[in-house]
Every structure is written in C-alpha cells, then in structure tokens.
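Worksheet for the structure shown next.
Because only heavy atoms are used, hydrogens play no part in the values below, and waters and symmetry mates are left out as well, while side chains stay in. Residue numbers run from 1 in the order of the sequence given.
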Amino acid sequence: MQVAVVTFDGFNELDSFIASGIINRCRRSGLEAWITTPTPVVRSMNGVEVSGQRPLEFVTEADVVLIGSGIKTRDVVADDRLLAALPLDPSRQLIGSQCSGALVLAKLGMLGTMPACTDLTTRPWVEACDVTVLDAAFHAEGNIATAGGCLASQYLAAWVIMKTLGEEAVRAAFEYVAPVGEQRETVERVIRAVRAGEAALR
C-alpha cells in the first residue's frame, strides 16, 4: 500500500515529515509513504530544500493521499494546473488533509457537506468555501479525514495505519515514536483521538 504525502513549495516540515515518518514505521507490514512533489525540489517555509521521492502524478496510483500544509496553499488552489493534477477518488483511496491542506480538498470538492479541521490561519479561507470548520484536531468520515494543528499530523498518520493495517499496527508504530516513559499514554491518546474524530457528528 502506497501513501502519497503531497508536499508543495513553502511546506510545513512538521506536517509532511511527522506523517510520513510514522507511517513508514509500517514498511514491513506493506505500508509505505513517499514525499510527493510537483517539482523535483521544494523548499519549506523555513528554507529547507527537499527532493521529492515521487512526482505529483503518483497520486493517481497511490492507495492513500495526504495533502500537506504550507504558507503557499492559497497559491496552490489558485493554480488550475496543480488542482487538475490531483484527481482524487475517495471510492478507492483514503484521502486526508493536514492544516491548510483542507483548503485544497475544499477547492477540489472533496468535502461536500463534511465539516473539516484546519489551522487557525486557514480557517476563514476554508469557511469561505462553505465548509464548516470544527474546533477540533481531527475529523474523519468514510475515506476522508482532516487534521488541524501541526502536531495533529500524528492523528492523520494513525488514521491511515488504523484504516489499512488495524489498531495493533497503530500501537506498534506509536510505541516506537512516543517519548520514553510515555508510550502507553501516548498510544491511548492517539487512538482515542482517532476514534473520537470518526465518531463525531454521527
């Protein structure tokens, strides 16, 4: 199972790298994440240059597509060429957004009547797309999930792992990355957040 972590120029390092790093703890179980970029090299909001592992066209074959956040997301959604390169299909793909990635999903028409999570800066732009923004870190309905706040990317990663490999795989991955001495509480908090995000508004 292949995960495209879509990463645009001006990206937030925490959003792309936390999700991909945690998901890649599941490589041996057949789940693998790739930093997926529209150009061979992208520069983060803090000037870190990263070579993409997969081109943007990879989203068409990926089983999971996570749209990352960044300071240039409004430029992304104003670029018809970039949006056209994201033919997402929730009937066969898991689709998630991190922070301002929710604006991309809104512009693509992926959210419909579904409420979304995003960061505080992006909130008014998402609301301008007639999407209700929740005061929450994570929300999912079916095959679509949104996360708000940089560190909420761990919930997005946990959701992907839970949907594809199950809860025990989430526990194994988070026991590895959790702060020493806090493994149990970290695992339980993450699983609780994902479950609550899926149960909300039912």
Side-chain angles (χ1 to χ4, degrees), residues 1-20 23 32-133 139-148 150 152-153 156-157 159-160:
M1 292 173 284
Q2 304 291 306
V3 182
V5 180
V6 179
T7 303
F8 297 107
D9 201 47
F11 72 96
N12 183 313
E13 301 95 333
L14 295 175
D15 293 348
S16 289
F17 295 155
I18 290 175
S20 61
I23 290 169
E32 192 164 15
W34 304 92
I35 299 297
T36 302
T37 58
T39 54
V41 176
V42 290
R43 178 176 291 183
S44 79
M45 61 191 295
N46 293 306
V48 178
E49 291 191 346
V50 173
S51 297
Q53 296 174 294
R54 293 289 186 273
L56 199 56
E57 291 79 10
F58 177 62
V59 300
T60 61
E61 62 184 89
D63 304 289
V64 181
V65 180
L66 303 181
I67 307 294
S69 182
I71 59 173
K72 296 183 179 181
T73 303
R74 283 192 293 173
D75 294 335
V76 170
V77 299
D79 188 329
D80 292 337
R81 179 186 59 83
L82 277 179
L83 292 182
L86 296 169
L88 307 182
D89 184 358
S91 70
R92 66 174 185 83
Q93 294 173 312
L94 295 180
I95 298 169
S97 68
Q98 175 64 40
C99 288
S100 65
L103 182 59
V104 178
L105 293 191
K107 290 293 187 178
L108 289 172
M110 290 286 108
L111 298 177
T113 60
M114 173 182 169
C117 300
T118 189
D119 61 276
L120 297 178
T121 300
T122 307
R123 180 171 188 151
W125 305 327
V126 175
E127 290 176 331
C129 297
D130 294 324
V131 174
T132 298
V133 174
H139 179 71
E141 293 184 17
N143 285 345
I144 299 178
T146 59
C150 298
S153 51
L156 201 56
W159 175 75
V160 170

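V5 is listed as a side-chain neighbour of V3, based on a closest heavy-atom distance under 4.5 Å. Taking 4.5 Å as the limit, some side-chain heavy atom of Q93 sits within range of a side-chain heavy atom of L88. Taking the side chain as every heavy atom from C-beta outward, T60 and P87 approach each other to under 4.5 Å. For the pair V6/V59, a side-chain contact is recorded, criterion being any heavy-atom separation below 4.5 Å from C-beta on. By the 4.5 Å heavy-atom criterion applied to side chains, L94 and W159 are counted as neighbours. Put simply, the side chain of I71 does not reach to within 4.5 Å of the side chain of F11, judged on heavy atoms. Contact of the L56 side chain with the L86 side chain is registered, since non-hydrogen atoms from C-beta on lie closer than 4.5 Å. With a 4.5 Å cut-off on side-chain heavy atoms, L111 and I144 count as touching.
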message = Set out, in order, the CA-CA distance, both residues' side-chain angles and the distance that settles side chain to side chain contact (heavy atoms under 4.5 Å, CB included) for L82 and F8, then state yes or no.
response = CA-CA 10 Å; L82 277 179; F8 297 107; 4.3 Å; yes
ask   = Checking side chain to side chain contact (heavy atoms under 4.5 Å, CB included) for the pair E49/V42: CA distance, chi angles, key distance, verdict?
value = CA-CA 6 Å; E49 291 191 346; V42 290; over 6 Å; no
ask   = Between D79 and V77, does a side chain to side chain contact (heavy atoms under 4.5 Å, CB included) hold up when you go through it step by step?
value = CA-CA 5 Å; D79 188 329; V77 299; over 6 Å; no
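Here the closest non-hydrogen pair linking L156 and G96 is CD1-CA, 4.1 Å. Closest non-hydrogen pair, C150 versus S153, comes out as O-OG, 2.7 Å. Looking at every heavy atom in both residues, P115 comes nearest to H139 through O-CD2, 3.5 Å. Considering every non-hydrogen atom in both C129 and K107, the closest pair reads SG-CE, 3.9 Å. Residue G148 comes nearest to C117 through the heavy atom pair N-CB, 3.7 Å, listed as atom of the first residue, atom of the second, then distance.
Looking at R43, its side chain never comes within 3.5 Å of a backbone N or O of G10 through a donor-acceptor pair. With hydrogens and angles disregarded, no donor-acceptor distance shorter than 3.5 Å links the side chain of S51 to the backbone of V41.
Considering T121, T73, N12 in turn, T73 is the only one that fulfils the side chain to side chain donor-acceptor pair (under 3.5 Å) rule with S100. Tested against I95, the residues L66, L105, N143, T146 include a single side chain to side chain contact (heavy atoms under 4.5 Å, CB included) partner, L105. Tested against Q53, the residues T36, T7, I35, T37 include a single side chain to side chain contact (heavy atoms under 4.5 Å, CB included) partner, I35.
K72 has a carboxylate O that lies under 4.0 Å from a charged side-chain N of D9, or vice versa, which qualifies the two as a salt bridge.
Heavy atoms of other residues, nucleotides or ligands lying less than 6.0 angstrom from CG of L83 number more than 12. Within a 6.0 Å radius of CG in N46, more than 12 heavy atoms belonging to other residues, nucleotides or ligands are found.
Side-chain atoms of E13 and S44 include a donor-acceptor pair closer than 3.5 Å.
One finds the CD1 atom of I67 at 10.0 Å from the CE atom of M110 (value rounded to the nearest 0.5 Å). With values rounded to the nearest 0.5 angstrom, W125 atom CH2 is found 3.5 Å from R74 atom CZ. Interatomic distance, CD1 of I23 versus CD1 of I18, reported as 11.5 Å (0.5 Å rounding). Rounding to the nearest 0.5 angstrom, the gap separating the CD atom in Q2 from the CD atom in E61 is 7.5 Å.
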